[in-house]
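Each chain gets a letter, A, B and so on, in the order the sequences are listed, and its residues count up from 1. Since the structure is predicted, the reported quantities are computational estimates derived from the model, not experimental observations.
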There are 2 protein chains.
Amino acid sequence: MAEGTKGADTRARIVQAAIETLRAEGYAGASARAIAATGGFNQALIFYHFGSVRDVLIAALDRTSEERMAAYRAAAAEATDLVELTRVAGRIYREDLASGHVKVMVELIAGASSDPELAPAIVARVEPWIAFAREQVARFAETSPLGSMAPPQDVAYAVVALFLGLELLSHLEGDTARTERLFRLADGLAATITALGLVPPTGGGGAS
Amino acid sequence: MAEGTKGADTRARIVQAAIETLRAEGYAGASARAIAATGGFNQALIFYHFGSVRDVLIAALDRTSEERMAAYRAAAAEATDLVELTRVAGRIYREDLASGHVKVMVELIAGASSDPELAPAIVARVEPWIAFAREQVARFAETSPLGSMAPPQDVAYAVVALFLGLELLSHLEGDTARTERLFRLADGLAATITALGLVPPTGGGGAS
DNA sequence: GTCTATACTTGGATAGAC
DNA sequence: GTCTATCCAAGTATAGAC
């Protein structure tokens, strides 16, 4: 990598503008012209650097996804029990709602319906998140009573679905209060599950 | 109502075509031309009968929403405890995933970002679903220990978010197996909550 | 590598014949 | 009430000057 610096800079500016446009206008509003207007550069640059609008949108998801995955991994590594994991998950997810990462993902998942060539690219970028959630749930639930009642894979799928759905609802009306209450509720739920002995009070290997 | 019959018939055909197009092509693919091609009628009819594409999409959500709300109300009325409510919710929601009602709603919520005039109309049509979920949760949880731990309003919000998120994920790859497992998991969870005495074993007023 | 100009396509919407 | 024809705006993408 490190090819010319100037080209890489411009690519980054385009990707950044694509992210901002997806956040503000959604998939249907993320045209080459709209992205160029957001970033203050020429529309033709998108095609020179990425070849198509679709490919710059995929690059946008790659960029936020890598950045946020790093944040989630770092935060998860700090958690040594389910209560802590729930708390950091809430904290990081709230950052996401604000930063727009989940919005970018949700818009691209919804938009994939209209573009058969986009769909497989989005699938490939959503699955790592489900796998990551499964890893984290498994750290505390795999060998516990909870793990046999609720397979980590299924819990992880539900958690990711819940996060995506919360994004849809909370940005529809701009209501963050309800989401806030839900995370406090989740903290209480994690404490209850731990108190009931369904999950070990501490432990779980380090996050990978 | 009952105005000319012919006009009402055509309106219904257009709305039906809009629903099918939203299901198959998503919001970004639901153009007037695409809807007309799906329904086999002229594109100009949409503007004659509805004035704009936006308004026919809103009518599409109205139609599925009314129809599905009736189905949910009827099903919920049968449930006399939380276990039954969970089971019927799963059954009805699986019908929805297949029929496409949730898909229509999700696509319009996501699409609302790109059309400021669409957003308030969608908000007004999503809120009744959150209110309905709250009513149902409250029937069994309001005066129980669960109700004081987890306010029905917040639980309802989470349930709706989960349903919307499951739609996004399950239709992204066409994976219905994971959703199936989740509903069996929910059945078990409802049974556990009841066994723990967090919720009355029977009761809850009739559904409105 | 970036800009201007432009070709071509699709989409929203209307006019006017039937 | 429905269809054909058409206008115009917006979108993707490319060619070619700089």
Measure from [atom1] on [X] to [atom2] on [N] and round the result to the nearest Å.
| X | N | atom1 | atom2 | answer |
| --- | --- | --- | --- | --- |
| A:Leu45 | C:dC3 | CG | C1' | 8 Å |
| B:Phe47 | D:dC3 | CZ | P | 15 Å |
| A:Ile46 | D:dA13 | CD1 | P | 10 Å |
| B:Glu117 | C:dA13 | CD | P | 10 Å |
| A:Ile14 | C:dT2 | CD1 | C1' | 10 Å |
| A:Leu57 | D:dG11 | CG | C1' | 13 Å |
| B:Arg33 | D:dG11 | CZ | C1' | 13 Å |
| B:Asn42 | C:dA13 | CG | P | 15 Å |

Of the options [options], whose atoms approach the side-chain atoms of [X] most closely?
| X | options | value |
| --- | --- | --- |
| B:His49 | C:dT4, D:dC3, D:dT2 | D:dT2 |
| B:Thr10 | C:dT2, D:dG11, D:dT2 | D:dT2 |
| B:Val53 | D:dT2, C:dT4, C:dG12 | C:dG12 |
| A:Gln43 | C:dC3, D:dT14, C:dG11 | D:dT14 |

Under 4.0 Å from OP1 or OP2 of C:dG12: is there any side-chain N or O of B:Ser52 that close? no

Do the side-chain N or O atoms of A:Ser31 get closer than 4.0 angstrom to the phosphate oxygens (OP1, OP2) of D:dG11? yes

On DNA chain C, check which nucleotide each of B:Ala34 and A:Arg13 is closest to and give me the residue with the more 5' one. A:Arg13

Give me the ring orientation class for B:Phe163 and B:Phe183: parallel if the planes are under 30° apart, tilted from 30 to 60°, perpendicular past 60°. perpendicular

Only residue of A:Arg184, A:Arg181, A:Arg178 satisfying side-chain hydrogen bond (donor to acceptor under 3.5 Å, both in side chains) with B:Asp154 is A:Arg181

Under 3.5 Å donor-acceptor, B:Arg94 side chain and B:Gly90 backbone: yes

Would you mind classifying the nucleic acid contact of A:Ala32 as base, sugar-phosphate or nothing, using non-hydrogen atoms under 4.0 angstrom? sugar-phosphate

Are the ring centres of A:Trp129 and A:Tyr72 closer than 6.0 Å? yes

Between A:Gln16 and A:Arg13, is any pair of side-chain heavy atoms under 4.5 Å apart? no

